[in-house]
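Per chain, numbering begins at 1; letters A, B, ... match sequence-line order.
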6 protein chains.
Amino acid sequence: MRISIFRRAHFNAAHRLHNPNWSDEKNAEVYGLCNNANYHGHNYELIVRVTGEVDQESGYLMDLKVLSDLIKEHVEKVFDHKNLNLDIPYFKDVIPSTENFCYLIYTIMDEAVGPDKDVQITLYETPRNYVQYPAS
Amino acid sequence: MRISIFRRAHFNAAHRLHNPNWSDEKNAEVYGLCNNANYHGHNYELIVRVTGEVDQESGYLMDLKVLSDLIKEHVEKVFDHKNLNLDIPYFKDVIPSTENFCYLIYTIMDEAVGPDKDVQITLYETPRNYVQYPAS
Amino acid sequence: MRISIFRRAHFNAAHRLHNPNWSDEKNAEVYGLCNNANYHGHNYELIVRVTGEVDQESGYLMDLKVLSDLIKEHVEKVFDHKNLNLDIPYFKDVIPSTENFCYLIYTIMDEAVGPDKDVQITLYETPRNYVQYPAS
Amino acid sequence: MRISIFRRAHFNAAHRLHNPNWSDEKNAEVYGLCNNANYHGHNYELIVRVTGEVDQESGYLMDLKVLSDLIKEHVEKVFDHKNLNLDIPYFKDVIPSTENFCYLIYTIMDEAVGPDKDVQITLYETPRNYVQYPAS
Amino acid sequence: MRISIFRRAHFNAAHRLHNPNWSDEKNAEVYGLCNNANYHGHNYELIVRVTGEVDQESGYLMDLKVLSDLIKEHVEKVFDHKNLNLDIPYFKDVIPSTENFCYLIYTIMDEAVGPDKDVQITLYETPRNYVQYPAS
Amino acid sequence: MRISIFRRAHFNAAHRLHNPNWSDEKNAEVYGLCNNANYHGHNYELIVRVTGEVDQESGYLMDLKVLSDLIKEHVEKVFDHKNLNLDIPYFKDVIPSTENFCYLIYTIMDEAVGPDKDVQITLYETPRNYVQYPAS
């Protein structure tokens with residue numbers, strides 16, 4: 001009986017899209033307003049999906065309180081009210097696009113949840129723009 | 001031309017998570033506040049997905065009014081304003097977790113919709129916690 | 001500079017509408033499914049509005065973190081995952097309708113926030129049914 | 001690194017469901033209120049999913065501003081504030097059901113986005129009724 | 001104890017904004033796409049607020065089931081899946097703008113609810129555009 | 001016939017709460033995570049309410065397209081993808097709290113809309129925290 005459970009979470013952060021290997025003109029052309037040198041920011045909405053087998057004794061795939069605590073510890077504490085470019089070492093050499101941010105959260109939550117379950121991350125940068133990894 | 005249609009519905013119910021084979025301590029530890037002997041409750045949001053072929057004459061996979069009526073008859077009439085533990089015989093021996101409740105609604109709607117179409121159920125216990133069966 | 005700030009919160013509870021001074025027939029007639037003797041339940045969405053003057057030094061009417069903590073301590077801890085009829089002494093002699101529940105939360109939050117600010121409560125029993133006190 | 005990005009858009013239109021090969025009685029029976037000869041209408045919410053590989057230099061699967069502009073040019077400009085039956089030649093001989101409309105938008109956006117990426121369309125006719133093509 | 005209760009409802013309709021006393025040019029200039037001769041349409045979201053005194057015996061200001069039935073009978077049955085210009089006599093000589101439509105629903109519901117309670121209508125033409133009467 | 005119309009808009013920005021007249025300790029104590037020297041950010045949701053008399057000829061209080069364009073020109077163009085502290089001169093000497101930001105947008109939109117109509121601003125910093133000026 002393979003099932004998926006989902007938990008939504010919320011945090012906010014500042015970021016800037018800028019590729020140091022490009023000219024200022026190319027950065028402005030590719031990233032537009034997202035290239036603002038003074039940063040801008042978002043309320044990120046996060047959905048963590050965990051897929052696996054239901055434990056017959058507890059009726060749980062995984063306690064959603066436990067999943068919620070893992071998200072708080074490994075994602076919210078790390079990224080909430082932060083500047084992705086300046087406060088998060090991973091984004092020293094990686095563009096903090098929603099695609100790359102979604103992938104980073106996937107690697108974090110996939111390890112936190114453990115090897116017997118599958119994780120998929122959906123990350124909303126705005127209510128109209130969002131990203132999902134892995135693609136289903 | 002394989003397509004999916006979705007219908008959202010809403011109902012509310014009380015329940016309690018409790019495994020009679022466990023001690024009170026273990027029940028409190030595993031289920032926390034959800035173990036309250038006096039019950040608590042939820043507004044459940046339900047999404048029924050039906051997948052199949054579009055009928056070329058009507059342009060419908062299935063009349064959404066028909067699907068809505070099936071949900072009203074087989075799900076809302078049965079569970080709305082009920083106590084899952086006390087009013088629903090299925091939960092005599094099954095923990096009414098969202099996982100098990102989602103699976104029960106799947107078996108009900110899969111039979112109601114018929115063998116030539118596939119059903120998937122998404123069940124929200126709260127806006128931040130939800131479950132999907134079968135996993136896609 | 002009179003301004004309002006708002007904080008949303010969420011909790012869930014079971015309840016039953018039943019007037020012990022009425023016959024079973026009248027209770028069924030007035031309250032319908034809400035009269036189920038085994039209880040049913042809801043996810044309550046709560047909006048607390050606080051109105052007053054902005055403090056020029058901090059730029060805050062009131063720290064929303066403080067307001068959020070007051071709601072957690074005085075509302076969520078008290079009502080979340082509870083049975084309103086059985087677990088809340090106030091509802092021994094008062095019908096736990098959304099109107100009466102909204103008024104009770106108003107009296108609690110009005111005292112918690114203090115005399116120099118005005119409080120208004122909006123309480124959603126479902127996404128389509130809600131109540132506001134005092135009426136604006 | 002295969003990922004999906006999503007963009008939501010909004011437009012509104014009038015339509016009528018009517019099969020000219022059927023009697024008036026059969027049309028009324030199959031389509032009910034949707035058969036009103038004077039048309040009715042909807043706010044359509046559209047989600048375009050694009051799946052493919054992330055470009056390592058830009059960190060983008062595809063610039064969401066570009067995707068948003070493609071939707072504006074190929075979908076919103078064509079369908080917004082229109083009568084699907086009278087203003088859209090495709091629906092001369094095709095029933096403008098949500099299923100057929102979703103498929104039409106898929107063929108439009110699949111060509112606009114290009115052959116190296118996969119497109120999936122979710123089309124909401126109302127907040128409670130929606131359709132997805134291709135089925136995932 | 002003066003309190004407000006709210007009930008949300010949903011219906012859809014087609015309409016066209018056109019003033020017969022104006023030239024085609026002026027109609028196009030003032031109403032833009034909303035002037036399309038073939039009509040367009042919307043999913044209207046309606047919020048009916050009723051304000052008055054709580055009945056101490058029942059705990060209700062007014063049974064929300066009764067309010068919901070009044071909305072179904074006097075608003076949904078009348079306007080759902082209709083063309084406002086062609087199917088609703090009131091709009092023979094009145095522009096079916098959201099402002100005028102909101103006011104019409106106010107007069108209908110104010111009479112249906114009765115003289116001892118106050119009614120306020122909020123009418124969403126789209127999720128981003130809405131109207132409220134009377135202004136609070 | 002006094003009525004209100006509402007228009008929702010969306011933009012995002014970075015900011016930091018910091019009072020230069022206070023010690024670092026007091027700033028950290030009052031503003032918590034919002035005091036991060038590297039900034040954080042939000043998706044701001046804005047609701048502009050305009051109240052006045054309906055024009056009998058057009059059926060409009062005010063063309064919502066005009067209101068939408070005023071918001072784009074005077075609010076979105078000015079604040080979207082900006083750092084409130086560094087890019088907006090007004091916040092040189094004013095704390096960019098939601099209260100002060102809401103008041104600033106009120107003064108901008110009140111002047112843009114003109115003297116014969118009343119403006120009220122609701123500004124969401126997150127889906128759970130928001131502010132309204134003037135208080136109604």
Checklist entry - Does NZ or CZ of D:Arg16 come closer than 6.0 Å to the centre of the six-membered ring of D:Tyr31, within 45° of the ring's axis? => result no
Item to check | For chain E, the option from D:Asn38, D:Asn43, D:Asn12 that forms the most heavy-atom pairs under 4.5 Å | outcome: D:Asn43
Checklist entry - For the candidates D:Asn85, D:Asn36, D:Leu84, which exhibits the highest count of non-hydrogen atom pairs separated by less than 4.5 Å from chain E? => result D:Asn36
Any side-chain heavy-atom pair from [X] and [Y] closer than 4.5 angstrom?
X	Y	answer
E:Val66	E:Asp69	no
D:Leu46	D:His10	no
E:Tyr39	E:Asn83	yes

Checklist entry - Quick check: are there more than 12 heavy atoms from other residues, nucleotides or ligands sitting under 6.0 Å from NZ of E:Lys117? => result yes
Checklist outcome for this item: When the 4.5 angstrom heavy-atom criterion is applied to E:His15 and chain D, the contacting part is neither
Checklist entry - Which bit of E:Glu125 comes within less than 4.5 Å of chain D, counting heavy atoms only: side chain, backbone, both or neither? => result backbone
Checklist outcome for this item: Pair count under 4.5 Å, heavy atoms only, with chain D: among E:Lys82, E:Glu45, E:Arg128, highest is E:Lys82
